[in-house]
2 protein chains.
Amino acid sequence: MIALTISEENYLKALYHLYQPDEGIGTNAIANHLNTKPASVTEMLKKLSEKKLLTYEKYQGVILTKKGYASALNVVRRHRLWEYFLVDKLNLKWDEVHDIAEQLEHIQSDVLIEKLDMYLGHPKIDPHGDPIPDKEGKMCIVNCCCMSEIKLNTKAKISGVKNHTTAFLKHLDKIELVIGKVVKIKERNEFDQSVALEINKKVLHISKDVAQNLLVEKVK
Amino acid sequence: MIALTISEENYLKALYHLYQPDEGIGTNAIANHLNTKPASVTEMLKKLSEKKLLTYEKYQGVILTKKGYASALNVVRRHRLWEYFLVDKLNLKWDEVHDIAEQLEHIQSDVLIEKLDMYLGHPKIDPHGDPIPDKEGKMCIVNCCCMSEIKLNTKAKISGVKNHTTAFLKHLDKIELVIGKVVKIKERNEFDQSVALEINKKVLHISKDVAQNLLVEKVK
DNA sequence: AATATAATTTAGTTTCACCTAAAAAAATAT
DNA sequence: ATATTTTTTTAGGTGAAACTAAATTATATT
């Protein structure tokens with residue numbers, strides 16, 4: 001594998017996250033995701049295309065190649081392992097780790113990552129409920145769906161978040177909706193799409209915005 | 001404190017390491033230390049001088065200001081804490097950690113470093129025997145001197161290395177001269193400045209180059 | 001003190017990753 | 001089908017941090 005710049009890695013990661021089946025990813029979407037401008041994206045796509053990390057044709061949207069996908073997954077792996085480390089070993093809060101992991105993910109050293117993975121005990125899921133790819137890019141399938149799509153009166157376990165912003169994560173802490181908690185969906189309001197949950201006999205009302213960003217797993 | 005670029009931090013660190021009392025540091029020395037060219041150094045010195053991190057006047061050599069010194073020490077602190085982490089927690093070998101720590105030292109997050117320091121138990125000495133500055137820049141005085149300057153028949157404990165290259169550290173591993181080992185200086189050869197050591201009744205001959213790069217502490 | 005050598009600085013380029021403004025292509029609406 | 005809007009690309013520029021080559025200043029030697 002050729003060494004990539006931090007920017008290149010960030011583009012690959014963005015493409016990984018923006019991927020939708022049967023859709024090329026647009027310049028605007030990428031620019032938006034990376035807080036940059038479409039013109040800058042076009043340039044970078046040309047470069048990455050020359051490196052065979054993605055297939056790019058003018059105006060056609062972009063798709064990662066096998067090689068590009070593997071590189072992207074590798075960045076994701078590093079990011080999630082570091083997040084796990086920060087929370088599990090250094091006791092940082094789950095809302096504090098994203099920006100730090102954004103930096104740590106770019107440290108170049110395969111040995112480091114292998115040793116870190118070993119030290120952490122080969123974790124499979126990061127603190128936000130996202131799966132951690134292994135060395136070969138394999139990761140467990142998280143059998144989850146969005147809280148706003150689940151049927152009434154089902155029991156479900158909070159298994160992850162879609163939104164990784166500090167604001168959202170802090171809000172979840174405040175209402176004590178942390179990963180692992182088991183809830184029962186009691187009511188969905190037509191008017192504002194808010195949801196009523198039952199947690200240990202108590203009722204908790206959450207807004208549509210919260211429900212839409214929560215991932216849950218059905219529980220028997 | 002203003003955020004510095006990786007390059008700026010590397011220059012400050014170089015200046016810290018190159019410091020000699022009553023001497024301005026020359027452009028050539030810096031360029032050499034950073035594997036760059038004197039012309040590039042001049043440019044950077046101007047920039048750092050504008051940021052009040054050092055005092056610079058054309059052709060006069062350069063000296064860190066209080067502010068610059070503090071920033072440099074902070075980089076050194078981060079570097080050494082990460083080295084400690086890599087060896088103590090991840091079980092990397094002491095000759096593998098330098099390049100990785102060179103990258104990790106630039107991660108920007110005060111919280112991270114405080115948590116890391118706490119997690120490691122506030123270590124005072126890194127795996128190469130160098131003192132780790134605390135948050136305020138204070139560090140313990142390592143009362144050591146060069147193996148090639150020590151008197152005959154003194155007992156001494158290996159306490160650090162001057163040379164941090166992989167080649168040197170691997171060599172030390174091979175001859176089992178690791179930090180903490182207690183030796184007695186038995187003989188110094190006029191001819192090649194090589195040194196004979198006694199370690200547990202056995203005799204070990206080390207070259208001038210090894211002796212010059214080993215730091216020792218006298219032992220009663 | 002004059003000259004040779006070494007160190008340092010200036011001037012002019014390069015590369016990377018970004019930018020703005022304008023042009024071109026594609027998608028959408030009338 | 002044409003016009004409008006949106007998306008994407010091109011063209012030209014910027015700042016950071018490096019570079020080379022040439023000029024300048026400092027130091028060392030005779």
Side-chain angles (χ1 to χ4, degrees), chain A residues 2-15 18-20 22-64 68 71-72 75 102-103 105-108, chain B residues 2-15 18-20 22-64 68 71-72 75 102-103 105-108:
Chain A
I2 328 110
L4 301 168
T5 66
I6 292 176
S7 255
E8 288 170 336
E9 288 192 339
N10 283 334
Y11 274 88
L12 293 178
K13 191 165 55 110
L15 291 170
L18 292 170
Y19 174 78
Q20 303 275 35
D22 311 315
E23 270 185 52
I25 306 162
T27 316
N28 261 336
I30 302 167
N32 203 51
H33 190 91
L34 290 171
N35 275 304
T36 177
K37 296 281 133 68
S40 315
V41 174
T42 302
E43 256 188 325
M44 182 58 98
L45 293 183
K46 283 183 190 165
K47 193 167 37 136
L48 293 174
S49 157
E50 271 164 35
K51 294 194 179 183
K52 311 274 185 208
L53 293 160
L54 47 84
T55 57
Y56 166 70
E57 271 176 272
K58 275 193 193 179
Y59 299 102
Q60 288 322 120
V62 82
I63 292 174
L64 287 172
S71 294
V75 181
E102 287 285 290
Q103 300 179 62
E105 71 189 8
H106 301 295
I107 303 291
Q108 304 282 165
Chain B
I2 328 109
L4 301 169
T5 67
I6 292 178
S7 253
E8 288 170 338
E9 288 192 340
N10 282 335
Y11 273 90
L12 293 178
K13 190 165 55 111
L15 291 170
L18 292 170
Y19 174 78
Q20 303 277 34
D22 311 316
E23 270 184 52
I25 306 161
T27 317
N28 260 334
I30 302 167
N32 203 51
H33 190 91
L34 290 171
N35 275 305
T36 177
K37 297 278 136 55
S40 315
V41 174
T42 302
E43 260 187 323
M44 182 57 98
L45 293 183
K46 283 183 190 165
K47 197 173 26 142
L48 293 175
S49 155
E50 270 165 35
K51 293 193 180 184
K52 310 276 184 207
L53 293 161
L54 47 82
T55 57
Y56 166 69
E57 271 176 90
K58 276 191 190 181
Y59 299 102
Q60 288 322 122
V62 83
I63 292 175
L64 287 172
S71 294
V75 182
E102 287 285 289
Q103 299 179 64
E105 72 189 9
H106 300 294
I107 304 292
Q108 305 282 164

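In what follows, chains are A, B, ... by sequence order, proteins preceding strands, each numbered from 1.
Shortest non-hydrogen contact noted between B:Leu15 and B:Val62 is CD2-CG1, 3.5 Å. Smallest separation of non-hydrogen atoms from A:Pro38 and A:Thr27: O-CG2, 3.3 Å.
Distances shown here put a side-chain N or O of A:Tyr56 below 4.0 Å from the OP1 or OP2 atom of D:dT9. Between B:Lys46 and the phosphate of C:dT9, there is no side-chain N or O to OP1/OP2 separation shorter than 4.0 Å. Listed pair B:Asn28 / C:dA6 fails the phosphate criterion, with no side-chain N or O lying under 4.0 Å from OP1 or OP2. Taking side-chain N and O atoms only, A:Tyr11 has a distance below 4.0 Å to OP1 or OP2 of C:dC18. Residue A:Ser7 places at least one side-chain N or O closer than 4.0 Å to OP1 or OP2 of C:dC18.
Taking the side chain to side chain donor-acceptor pair (under 3.5 Å) definition, one finds that B:His33 meets it with nothing, sequence neighbours left out. Judged as a salt bridge (charged side-chain N to carboxylate O under 4.0 Å, His left out), and not counting sequence neighbours, the contacts of B:Glu102 are B:Lys13. A:Lys46 meets the side-chain contact (heavy atoms from CB on, under 4.5 Å) test with A:Thr42, A:Tyr56; sequence neighbours excluded. Scanning for side chain to side chain donor-acceptor pair (under 3.5 Å) contacts around A:Gln103 gives an empty result, with sequence neighbours left out. Judged as a side-chain contact (heavy atoms from CB on, under 4.5 Å), and not counting sequence neighbours, the contacts of A:Ile6 are A:Asn10, A:His106. Residues satisfying the salt bridge (charged side-chain N to carboxylate O under 4.0 Å, His left out) test with B:Lys51, not counting sequence neighbours, are B:Glu8. Looking at residues two or more places apart in sequence or on another chain, you find a side-chain contact (heavy atoms from CB on, under 4.5 Å) between A:Thr36 and A:Tyr11, A:Ala31, A:Leu34, A:Ser40, A:Val41.
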Report all interatomic pairs (protein N or O, nucleotide N or O of nucleotides 19-22 of chain C) with separations under 3.5 Å.
unit_1	atom_1	unit_2	atom_2	d
C:dC19	OP2	A:Thr36	OG1	2.9
C:dC19	OP2	A:Lys37	N	3.0
C:dC19	OP2	A:Ser40	OG	2.6

Taking only nitrogen or oxygen atoms into account, show me every contact under 3.5 Å that the protein makes with nucleotides 25-27 of chain C, one pair per line with its distance.
none

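Atom CG in B:Asn10 sits about 14 Å away from atom C1' in D:dA16, given to the nearest Å. A:Leu34 places its CG atom 12 Å from the C1' atom of C:dC18, with the value rounded to the nearest Å. Between A:Met44 atom CE and C:dC16 atom P the separation is 10 Å, expressed in whole Å. Going from atom CG of A:Leu18 over to atom C1' of D:dT7 covers 16 Å, rounded to whole Å. In this structure, A:Ile30 atom CD1 and D:dT7 atom C1' are separated by 12 Å, rounded to whole Å. One interatomic measurement links the two molecules: CD of B:Glu9 to P of D:dA16, which rounds to 16 Å at whole-angstrom precision. Spacing between atom CG of B:Leu45 and atom P of D:dA18 amounts to 11 Å, rounded to whole angstrom units. Rounded to an integer number of Å, the gap from A:Glu23 CD to D:dT7 C1' is 15 Å.
Nearest-nucleotide positions on DNA chain C place B:Glu57 closer to the 5' end than the other of B:Glu57 and A:Thr5.
Considering only heavy atoms from C-beta on, A:Leu45 comes within 4.5 Å of A:Leu54 through its side chain.
B:Thr42 comes within contact range of at least one nucleobase, with a heavy-atom separation under 4.0 Å.
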